[in-house]
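All chains are named by letter (A, B, ...) in the order of the sequence lines, taking the proteins before the strands, and each is independently numbered beginning at 1.
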2 protein chains.
Amino acid sequence: MVFAVSAANQDPGDSVAFLLSQLGHRATILFAEEMATVDLTPPHAGILRAIAENPGASQQAIARQLGLLPSRVVAFVDELEDRGYVERRRNPEDRRLHALHLTASGKKLMGKIATLARQHDRRVTAGLDPSQRDTLRELLTILARENGLTPHVHPGFRTLGRGANSRSTPAG
Amino acid sequence: MVFAVSAANQDPGDSVAFLLSQLGHRATILFAEEMATVDLTPPHAGILRAIAENPGASQQAIARQLGLLPSRVVAFVDELEDRGYVERRRNPEDRRLHALHLTASGKKLMGKIATLARQHDRRVTAGLDPSQRDTLRELLTILARENGLTPHVHPGFRTLGRGANSRSTPAG
DNA sequence: TATTGTTATACTCTATAACTATA
DNA sequence: TATAGTTATAGAGTATAACAATA
């Protein structure tokens, strides 16, 4: 993982970019804690959601969509299948592909994840009134669009660019 | 490193918490890219800044302040010293301590880092007008306070709580 | 020959814990 | 004995690349 530290800040406080980095990291940690209560990690949740939105998708398709390495998807799906949340169905038309589907148990889990995610959102945005929260969402939505971020897809899933990896601690 | 994926989103778009996680990650990556142009990583920059603000601080003090392991600080300071940015001075009163100071070259580098950080802030917030940027800063400052974040200190520096680490990919 | 899925290997990074020197 | 600093070891996690099956 990469840890950013802004170095140029005047007395009035840290820069917007640094605040985003700090709060984003905090939001990430808190989400991981929420997921841990159902014994999942964030990538597990991302894969479950992607399958829920695209039933029958292949593992390669999921990997491309989320920017994960295929070998990692295999490992995650192995775990989800072992725990009964996901099933691999052979595609008779192209027997190389594994069509991924949620089981009944997996669909139930998705409901629980949705609840936890709403709780996560409340924890992270505690301190703002509804009007402020709406304003913040609007501003962040603009920035997400400007920065080329794909809705629902966390950039931490993607393979990190080599640019930042030239030295030691780049992409933590 | 931890990658968060919010799973509960209605049609209107992703939750504030998910947007923060996405944008925070993006801001972190972009900052790492800026630092790479001067052959540094974010932790290097954080340590340089901490020394600039507290000349003569010991390595343990830096470690506590930034939430880094002392053994990691040693390695980072080794590199910064080898490159002539930092010097270790023996404290005659307690010869166990190494008082850290920036060299002239290190101070010059801090100026460059400040410039890069301002550039980073502009990149991340491109798409907002000055008024929107101010509003965003205010809202994020509220959230940073509510979430117990320390100004200038990125939580990624701190040892991640074990709570989120119970399984595999928690803290990216 | 190309692609999906899988497995195995190697590498990077980090934390842990030993070790020294001072106190 | 306790603490600052350092070094060495082991572990976790990832990416790379090899492999089998199918097209």
Side-chain angles (χ1 to χ4, degrees), chain A residues 1-3 32 41-44 47 51 54 56-82 86-101 156-162 164-172, chain B residues 1-3 32 41-44 47 51 54 56-82 86-101 156-162 164-172:
Chain A
M1 175 165 302
V2 181
F3 308 138
T41 66
H44 287 119
I47 289 174
I51 296 172
N54 294 314
S58 71
Q59 296 182 173
Q60 295 274 351
I62 297 291
R64 278 190 297 270
Q65 182 183 337
L66 299 183
L68 289 169
L69 291 172
S71 58
R72 293 190 65 195
V73 173
V74 169
F76 285 127
V77 172
D78 278 350
E79 292 178 24
L80 294 171
E81 190 175 40
D82 287 348
V86 165
E87 64 176 340
R88 291 170 161 110
R89 295 188 199 153
R90 275 290 179 192
N91 183 335
E93 321 230 324
D94 185 340
R95 290 162 49 78
R96 292 174 303 184
L97 279 70
H98 279 165
L100 300 176
H101 293 270
F157 277 148
R158 295 218 186 80
T159 301
L160 302 172
R162 292 121 275 97
N165 278 33
S166 44
R167 288 187 68 79
S168 55
T169 318
Chain B
M1 169 183 343
V2 181
F3 308 139
T41 66
H44 286 120
I47 289 173
I51 297 172
N54 293 313
S58 72
Q59 296 182 174
Q60 295 274 351
I62 297 290
R64 279 190 298 269
Q65 181 182 339
L66 299 183
L68 288 169
L69 290 171
S71 58
R72 294 191 65 196
V73 174
V74 169
F76 286 127
V77 172
D78 278 349
E79 292 177 26
L80 294 171
E81 190 175 40
D82 287 347
V86 166
E87 63 175 342
R88 290 170 160 111
R89 296 188 197 153
R90 276 292 180 191
N91 183 333
E93 320 229 322
D94 184 339
R95 290 162 49 77
R96 291 174 304 183
L97 280 70
H98 279 166
L100 301 176
H101 293 270
F157 278 149
R158 297 217 185 82
T159 301
L160 303 172
R162 294 119 275 98
N165 278 33
S166 44
R167 289 187 68 78
S168 55
T169 317

Interatomic distance where [atom1] belongs to [X] and [atom2] belongs to [N] [whole Å]:
X     : N      : atom1 : atom2 : value
A/Q60 : D/dT22 : CD    : C1'   : 13 Å
A/L68 : D/dG13 : CG    : P     : 16 Å
B/I62 : D/dG5  : CD1   : C1'   : 14 Å
B/E79 : C/dC13 : CD    : P     : 10 Å
B/R89 : D/dG5  : CZ    : C1'   : 18 Å

Pairwise 5' ranking along DNA chain C for A/L97 and A/A75, keeping only the more 5' one: A/L97
Please tell me which of the listed nucleotides, [options], lies nearest to the side chain of [X]?
X     : options               : answer
B/R72 : C/dA15, D/dT14, C/dT6 : C/dA15
A/L69 : D/dT6, C/dG5, D/dA15  : D/dA15
B/R64 : D/dA4, C/dT6, D/dA15  : D/dA4

Any B/R88 side-chain nitrogen or oxygen under 4.0 Å from OP1 or OP2 of D/dT6: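 Indeed, a polar side-chain atom of B/R88 lies that close.
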Rounded distance [0.5 Å steps], CD1 in B/I62 versus CZ in B/F76: 13.0 Å
Separation between CG of A/L97 and CZ of A/R89, rounded to the nearest 0.5 Å: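 With rounding to 0.5 Å, CG (A/L97) is 14.5 Å from CZ (A/R89).
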Nearest atoms (heavy-atom pairs only) where B/Q60 meets B/P70: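 Looking at all heavy atoms of both residues, the closest pair is OE1-CG, 3.8 Å.
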Is the shortest side-chain heavy-atom distance between [X] and [Y] below 4.5 Å?
X      : Y     : answer
A/H101 : A/V86 : no
B/N91  : B/H98 : no
B/L68  : B/I47 : yes

Touch class at under 4.0 angstrom, heavy-atom based, for A/S58 against every strand present: sugar-phosphate
Touch class at under 4.0 angstrom, heavy-atom based, for B/Q59 against every strand present: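 Result for B/Q59 = sugar-phosphate.
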Distances under 3.5 Å between protein N/O atoms and the N/O atoms of nucleotides 20-23 of chain C, please, pair by pair.
unit_1, atom_1, unit_2, atom_2, d
C/dA23, OP1, B/R95, N, 2.9

Side-chain (A/E81) to main-chain (A/R88) donor-acceptor, under 3.5 angstrom: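 At least one qualifying donor-acceptor pair exists.
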